[in-house]
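Just so we're clear, the structure is a prediction, and the values are computed from it rather than from any experiment.
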Protein chains: 2
Amino acid sequence: MSNPEPPNGDEVDAITEAVLTASRLLVGVSARSVAAVAGPITLPQFRLLVALGSRGPLKLVSLAEMLGVNPSTATRTVDRLVTAGWAERKSNPDSRREVTVGLTPAGRDLVDRVTDYRRSEIAAIVERIPHEDRAGLVQALQAFTEAGDEPPPRASPYDAGLTKWE
Amino acid sequence: MSNPEPPNGDEVDAITEAVLTASRLLVGVSARSVAAVAGPITLPQFRLLVALGSRGPLKLVSLAEMLGVNPSTATRTVDRLVTAGWAERKSNPDSRREVTVGLTPAGRDLVDRVTDYRRSEIAAIVERIPHEDRAGLVQALQAFTEAGDEPPPRASPYDAGLTKWE
DNA sequence: GGGCAAGAGTTGCATTATGCAAGTGTGATG
DNA sequence: CATCACACTTGCATAATGCAACTCTTGCCC
């Protein structure tokens, strides 16, 4: 609010709108990637697998916290994933009141396939960007990401672009 | 795959990763915005309101199509929104088999508040970006958005950054 | 050691979200 | 007017969720 540059608010507004628009596109890519690859699974189930994939085996409460859901919900979602063969419960020898949940090979494979698909979708878009426009993109996006990562110091439950909401 | 530039695949990879990272951040912003403003409402309900807000009153089938859900789901979600006072059913005088659904003032207000909140969240991030990095951002994002908008010719059910998944 | 509070997970209960299939009107067509 | 396609709606079954109550374990204090 006290910058030497003349056009400040306007610049911020322009960037904000551009980001908002790009945001919609990216969210769509995430959505289609899960739908395309992870056929029979539901989204909440997939989110749980992603959490396990990025953070390794977790105890149930931590998992619920990461996903922002009630432990009871996590319990039952894990039940279904175990039945489907994508996750497994392991009893913790150090603390018998804790249950550790991990991915099975099939679960890890599913997560990898979706991530690969999403990466390829984004790459396909990037390849259509004119070369002269590409230069600033990496730097600009990194600056944006850095600016956005700082204030919300909490851990990211938003990995894989999948949140409880969108 | 037949470009004169030497570093091509690498460049694409770098941009892809940058986009993927930014994507997670943006998705988190969307999520928090809804959660912060739209207290009692559920996400599927809010998505429906957003669809109505951006496309105006719609008949039920169109609405379901936009949201990517079964018409029966749309019917029942509309039921709840009507009960809550955010949406209203209007019979179409031209075709008695169609039902037009629109926002009530309260519904429109809710959608506006969430959108404003999200815009302010993004603006807050943008303001933390160093000036020298801002220059390329608008152009880069626009190029990205344009590149991404072309091939998927379908209408955007992803408005408001809210999809059926994430 | 006994007892108690806190923590971890599960289960009961109620509501919402969803898809598929079947049923009810309505419109368009020949 | 008979029929077929469309636009919902409703029945049915399963998943997702939160809250509250309950069972075990652990940790801690006396």
By nearest-nucleotide position on DNA chain D, the 5'-leaning member of A:Asp94 and B:Lys59 is B:Lys59
Sorted by position of nearest nucleotide on DNA chain D, 5' first, the leading residue of A:Asn92 and A:Thr73 is A:Thr73
Protein-nucleotide distance ([X], atom [atom1]; [N], atom [atom2]), rounded to Å:
X	N	atom1	atom2	value
B:Glu98	D:dC6	CD	C1'	9 Å
A:Glu65	C:dG9	CD	C1'	15 Å
A:Asp79	D:dT14	CG	P	16 Å
B:Leu63	D:dA7	CG	C1'	13 Å
A:Asn70	C:dT16	CG	P	17 Å
B:Ile41	D:dT17	CD1	P	17 Å
B:Arg96	C:dA28	CZ	P	12 Å
B:Leu67	C:dG19	CG	P	10 Å

Do A:Ser95 and A:Glu98 pass the side chain to side chain contact (heavy atoms under 4.5 Å, CB included) test, and can you show the C-alpha distance, the side-chain angles, and the key distance before you say yes or no?
-> CA-CA 6 Å; A:Ser95 170; A:Glu98 295 179 4; 3.6 Å; yes
Confirm from the modelled atom types if A:Arg76 and D:dG18 form a donor-acceptor pair under 3.5 Å, side chain to base only.
-> yes
Side-chain-base donor-acceptor pair under 3.5 Å for A:Ser72 and D:dC19 | yes
Would you say A:Val99 and A:Asn92 make side-chain contact, with heavy atoms under 4.5 Å?
-> no
To the nearest 0.5 angstrom, please state how far the CZ atom of A:Arg47 sits from the OG1 atom of A:Thr42.
-> 10.5 Å
Which nucleotide, D:dT17, D:dC8, C:dG19, lies nearest any side-chain atom of B:Leu60?
-> D:dC8
Nucleotide nearest A:Pro44 (side chain, heavy atoms from C-beta), chosen from C:dA17, C:dG9, D:dT17 = D:dT17
So, does [X] get its side chain near the phosphate of [N], meaning an N or O under 4.0 Å from OP1 or OP2?
X	N	value
B:Arg89	D:dT9	yes
A:Gln45	D:dA16	yes
A:Arg80	D:dA16	yes

Determine, for B:Arg89 against B:Asp79, whether the closest basic-nitrogen to carboxylate-oxygen distance falls under 4.0 angstrom.
-> yes
Earlier contact from the 5' end, DNA chain C, for B:Arg97 and A:Thr75 | A:Thr75
Name the one of B:Leu103, B:Leu81, B:Leu52, B:Asp109 that satisfies side-chain contact (heavy atoms from CB on, under 4.5 Å) with B:Trp86?
-> B:Leu81
